[in-house]
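Written below as structure tokens is the structure these notes are about.
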2 protein chains.
Amino acid sequence: MTMVLRSDDMRRRNRLRIIQIVRRGGTVSRGEIAQAAALSPATVSTISAELIAEGVLVARSAETGALPGRGRPSVGLSLNPRFRHAVLLILKIGEVHVAIVDYAGSLIARQPFDLDMAGVSMEEFRRTLITEIRQTLEANGISAAQLGGISIGVQGTTDSAGLRLLRSPMTPHTNIPMADWLEEEFGAPTRLANDCDLIARALNWRDPERYCDNFAAILLAHGVGMGLFLRGRIINGTQSSGTEFGHMLHQAGGALCRCGARGCIEAAAGDYAILRHFRGDPPDLKPDRHVEPSEIVWIADAARNGDPLAIDSFAAAGRALGSGLAGLFALVDPFRVAFAGHGAAAFDLMEPALREVLRNSNAAAAQEIPIDLFVDDMPLILDGCGIGALAEIDATQADRVWETMRNG
Amino acid sequence: MTMVLRSDDMRRRNRLRIIQIVRRGGTVSRGEIAQAAALSPATVSTISAELIAEGVLVARSAETGALPGRGRPSVGLSLNPRFRHAVLLILKIGEVHVAIVDYAGSLIARQPFDLDMAGVSMEEFRRTLITEIRQTLEANGISAAQLGGISIGVQGTTDSAGLRLLRSPMTPHTNIPMADWLEEEFGAPTRLANDCDLIARALNWRDPERYCDNFAAILLAHGVGMGLFLRGRIINGTQSSGTEFGHMLHQAGGALCRCGARGCIEAAAGDYAILRHFRGDPPDLKPDRHVEPSEIVWIADAARNGDPLAIDSFAAAGRALGSGLAGLFALVDPFRVAFAGHGAAAFDLMEPALREVLRNSNAAAAQEIPIDLFVDDMPLILDGCGIGALAEIDATQADRVWETMRNG
DNA sequence: CGATTTTTTTTGAGGCTTGAATTAATAGCC
DNA sequence: GGCTATTAATTCAAGCCTCAAAAAAAATCG
């Protein structure tokens, strides 16, 4: 019979639920799963046997001893790290990181290499990516069959489906079909995501208590980006990914932004804006294409030593960020904010101005919002990228693989 | 056996799906339902028999003849209008509308009455509502058993759950537990919703093609509110309902708003703001508590006759609205906007300034957004309120009512 | 009036989940 | 060491649910 529709639907959901519980819990006994999933022990037993047979889960090999209890000891189930692997690709200005995570989420390889996307053709870019991924896979002995997916974190906007890089400060090329490239080459599902969204996802994964329903991750780097969660769901553009917080208007006719407009938040709070302000350059000076993070550190030091221009540079950045946040807080009430990226190292210099703007804003209680700092954004981006790739594989795996039912 | 968990879950979903298909389609045959729901005819037959036995659906009583085909004629199923009724309560400044809809969505009664919420105590307010609702129910012969729910549309913000009116321009009272009042009194589930959200919901219901994933409804009246859909879901505040578009900052240190802050969008685009501007009153003059819509019409006529101050009043309003929209468009890409309320009758006077602001904004293609006008907001609010109440009843009805299985 | 056509219902089978019973695996105690 | 108590996991029979196929129903057409 071909009845594979409604009934299997239930099974699919329960399989996925069990996988997710194990992913979240690390090592979980069947009984604990049953409780967490609100399923009967019988069902969990059946499904977990299936998942073990398919190689998705593994049962504890009888160590991890010293259990307190008296009766039959419970057997911990965990994700089989070797079931699948995912390739993570993090694109930054001038460099690319290739990483591999196993199915349990451990980073088993990470390889950065220089690549100036601005200076190469699309074809060259494509080939370089493929070569580097292939090399990393081979160096770690990952076969094509083991590759469950590729996840890419980028600066810039992608299409809604996460298949194309529409535009990015990293390159003058637009509408780059990166997912198609890699899916064709490696035969594994590939998705792009905005780096700020990945940071937000990583925070949500790492600390679901703190970063649950409503919060934003703001990346302070050369530009300014935001990943926004409202009511537990990530908010994206209607046509594209990412919320373009950095290009909301801060000041009409204000400083020149990388995007060509004037008065964007980024044009006051991005690295180049702080540097431009500190140098005393005119606000309509064309933004630098790249600023060494060390320069920002240097300006921050100057500010901490009392340099008035440096102090004012960061205050201006704080005001811009505050004004953008005030707008959002007016719209949807205040929420928790995490600042990430090397700019967060100078957040103490921006915070007074930012809080001042919030205090004077229309949103009640906006000045009270909790703010967290994560200076090193790379671990978060990798984390978020990995979570996304693995969740995708999990979803695939919810559909039962019939062929594994062959012999024994 | 008490096994009522997983298996029934599937049935519940399919019941709900069928009810929703009939609600959307009006009169639908079993075969059409099967196709729309991607269920087998057998399943639809079983479930619809159940629903008919429970009184949720009714089969066409064999008129509506003149079917073209040859074989057995299909039997149209439709919602049983008499299955349940819902009370709708629309609160406006100075007046309340009580309405009753039947289960099929027809408005079967509507009664406005004057009530100055600002001038009465909470207790008095409660009693008046209950009295009016009771009268309307009795006048239409609706028993308590037939009352499936109460839905309330309000200006102002409610809590996330839709149980309390947190604050509203209609009254100085705050945190009014309206849902508790009426649930206690009438024994029917009661929910509050912001009027702008209701307008957005109504548009989405009426024309799902046009108002589908991303759009906003902006209510132009004494104040300015917004109901926002992103990715097909309504966006609300993190602590409260409604997106407070009207209180986003338009101009730092600008005109005085009803909310006490300065420079809100509403303080330039609300009725009182237009009137204040036209009169030449200082922008920090305390806003009027009420402005007759006819005054706005009068000013609009003046503008159309060339009065420069009137023209400028509406231009200022258009600029404020444009600046708020530009901010949102920068954040999440441009989307379709519907303006509702009597202020929309003067939209032609605001549109040039609004489009001008968008044209100069950072959001690409923002000037191209389609804008629709709905001068009469009341039908939309009633519609949205009714849809919401009925959807709630549908969801309840998805759980099978066992007692109806008694005899025959 | 019977043949044809289209819709709906009935029937039997397969899947899924569940509570209860059963089996498995360990610690404690004499 | 052997027995009992205890807890975890599996097995089993039953109840739902959906589905495909067959049967029935209700028209039209010739």
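Here is the naming used below: chain letters follow the sequence lines, and residue numbers restart at 1 for every chain. What you see is a predicted model; the values in this text were computed from it and never measured. Values reported hereafter were calculated over all heavy atoms of this structure, with side chains retained and with hydrogens, waters and symmetry mates removed.
In this structure, B:Ser40 and A:Ala49 both approach DNA chain D, and ranking their closest nucleotides by distance from the 5' end singles out A:Ala49. Between B:Ile47 and A:Val44, the residue anchored nearer the 5' end of DNA chain D, judged by the nucleotide with its closest heavy atom, is A:Val44.
A straight line from CZ of A:Arg30 to P of C:dA25 spans 12 Å, rounded to a whole angstrom. Taking atom CE of B:Met10 as the reference point, atom P of C:dT18 lies 12 Å away to the nearest angstrom. Rounding to whole angstrom units, CG of residue B:Leu39 and C1' of C:dT8 are separated by 15 Å. One atom, CD1 of B:Ile33, and another, C1' of D:dT18, lie 16 Å apart when rounded to the nearest Å. Rounded to a whole Å, the CD atom of B:Glu32 is 15 Å from the P atom of C:dT6. The distance from atom CZ of A:Arg12 to atom C1' of C:dT17 is 17 Å, rounded to the nearest whole Å. Rounded to whole Å, atom P of C:dT17 lies 13 Å from atom CZ of B:Arg13. Look at CD on B:Gln35: it is 17 Å from C1' on D:dC19, rounded to the nearest Å.
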Worksheet item: Does the pair B:His85 and B:Asn140 meet the rule for a side-chain contact (heavy atoms from CB on, under 4.5 Å), with working shown?
Response: CA-CA 11 Å; B:His85 293 266; B:Asn140 291 277; over 6 Å; no
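Put simply, A:Thr43 has a side-chain N or O that comes within less than 4.0 Å of OP1 or OP2 on C:dT18. The shortest distance between the side-chain N/O atoms of A:Asn14 and the OP1/OP2 oxygens of C:dC16 is not below 4.0 Å. When the side-chain nitrogen and oxygen atoms of B:Ser74 are compared with OP1 and OP2 of C:dT7, none of them lie within a distance under 4.0 Å.
Pairs engaging residues 141-151 of chain A under the salt bridge (charged side-chain N to carboxylate O under 4.0 Å, His left out) rule: none recorded [sequence neighbours left out].
Among C:dT10, C:dT18, C:dT8, the nucleotide with an atom closest to any side-chain atom of B:Ala42 is C:dT10. Counting only heavy atoms from C-beta on, B:Arg11 has its side chain closest to D:dT18 among D:dT18, C:dC16, D:dA9.
If you check every strand for non-hydrogen atoms under 4.0 Å, A:Val75 touches sugar and phosphate atoms only.
Side-chain contact check for B:Val28 versus B:Gln35: every heavy-atom pair is 4.5 Å or farther apart.
Contacts of A:Ala188 classified as side chain to side chain contact (heavy atoms under 4.5 Å, CB included), with partners at least two apart in sequence or in another chain: A:Leu147, A:Ile150. Under the side chain to side chain donor-acceptor pair (under 3.5 Å) criterion, A:Ser40 pairs with A:Thr43, not counting sequence neighbours. Partners of B:Phe83 according to the ring pair (Phe, Tyr, Trp, His ring centres under 6.0 Å) rule, which considers only residues two or more places apart in sequence or in another chain, are B:Tyr103. Considering only residues two or more places apart in sequence or on other chains, A:Ala104 meets the side chain to side chain contact (heavy atoms under 4.5 Å, CB included) condition with A:Leu79, A:Pro81, A:Asp102.
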Worksheet item: Using a cut-off of 4.0 Å between protein heavy atoms and nucleotide atoms, how would you tag nucleotides 2-7 of chain D 5' to 3' with B, S and -?
Response: ---SBB
